[in-house]
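What follows is a set of notes on a single structure, which appears directly below.
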Amino acid sequence: MPVPYLIATPAAEAIAFYTRVLGARELVRLTSPDGKIAHAELAIDEERIMLADAYPEMGYASPTDLGGSPVSLYVRVADVDAVHARAIAAGATERSPVADQFDGDRRGAIVDPFGHIWLIATEREVVSNAELIRRFERLTGAEEKKE
């Protein structure tokens, strides 16, 4: 399974944010002599993420260095409303408010203070693939085009 490897500036603050907001547990931290984090691993429930400070000389830049990120991280939590509110209070920017979604999740999106986009969700309903397609077609109007 792929493991996201995030570059965050400063990585120590990102670790504190993910711990406070997402309930992440720090598993390992390797700090270089200059004080930058060369590598860290966190667990969010049973999933892992890795992260480090930016090392431009090695080609590792953070979203803030690049003006944003085209990548989103999707995380399911027990209470999306509480986590979303905690993220905003901790300095994240709301990308989309929390709302019930056609796919059975209640979901919102934030951009963390380090430029990473997080889709935060709580599963409300298990939806079969057939039902997911039906709901999507109804939502997009594709259902009417079939008739």
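Not measured: the values here are computed from a predicted model. We're numbering straight along the sequence, starting at 1.
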How far apart are the closest heavy atoms of [X] and [Y], and which atoms are they?
X    : Y    : value
A38  : A52  : O-CB, 3.3 Å
I117 : S69  : CD1-O, 3.3 Å
P113 : T64  : O-CG2, 4.3 Å
R124 : D100 : NE-OD1, 4.4 Å
A54  : D65  : CB-OD2, 3.6 Å

Check ion pair [X]-[Y] (N to O, under 4.0 angstrom):
X    : Y    : value
R134 : E131 : yes
R135 : E125 : yes
D81  : R106 : yes
D105 : R76  : yes

For residues 60-93, which residue pairs pass the ring-ring contact (aromatic ring centres under 6.0 Å, His included) check, not counting sequence neighbours?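 Listed by first then second residue: nothing to list.
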
Side-chain heavy atoms nearer than 4.5 Å, only ILVMFWY residues, links allowed to pass through others: does that put [X] and [Y] together?
X    : Y    : value
L51  : L73  : yes
V111 : W118 : no
I44  : F114 : yes

Pairwise side-chain contact, [X] with [Y], heavy-atom cut-off 4.5 Å (strictly under):
X    : Y    : answer
E41  : I49  : no
R107 : V80  : no
R25  : L42  : no
V77  : I120 : yes

From [atom1] ([X]) to [atom2] ([Y]), nearest 0.5 Å:
X    : Y   : atom1 : atom2 : result
I7   : M50 : CD1   : CE    : 11.5 Å
I110 : R95 : CD1   : CZ    : 10.5 Å
H116 : S72 : NE2   : OG    : 11.5 Å
T31  : D53 : OG1   : CG    : 9.0 Å

Distance-only check: which donor-acceptor pairs under 3.5 Å involve side-chain atoms of residues 8-23, not counting sequence neighbours?
{"residue": "Y18", "atom": "OH", "partner": "D112", "partner atom": "OD2", "Å": "2.6"}
{"residue": "T19", "atom": "OG1", "partner": "I15", "partner atom": "O", "Å": "2.8"}

Verify the neighbour count for atom [atom1] of [X]: are there more than 12 heavy atoms of other residues, nucleotides or ligands below 6.0 Å?
X   : atom1 : value
E46 : CD    : no
D34 : CG    : yes
Y5  : OH    : yes

Would a distance-only check, ignoring hydrogens and angles, find a side-chain to backbone donor-acceptor pair under 3.5 Å from S96 to A109?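 Between the backbone of A109 and the side chain of S96 there is a qualifying donor-acceptor contact (under 3.5 Å).
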
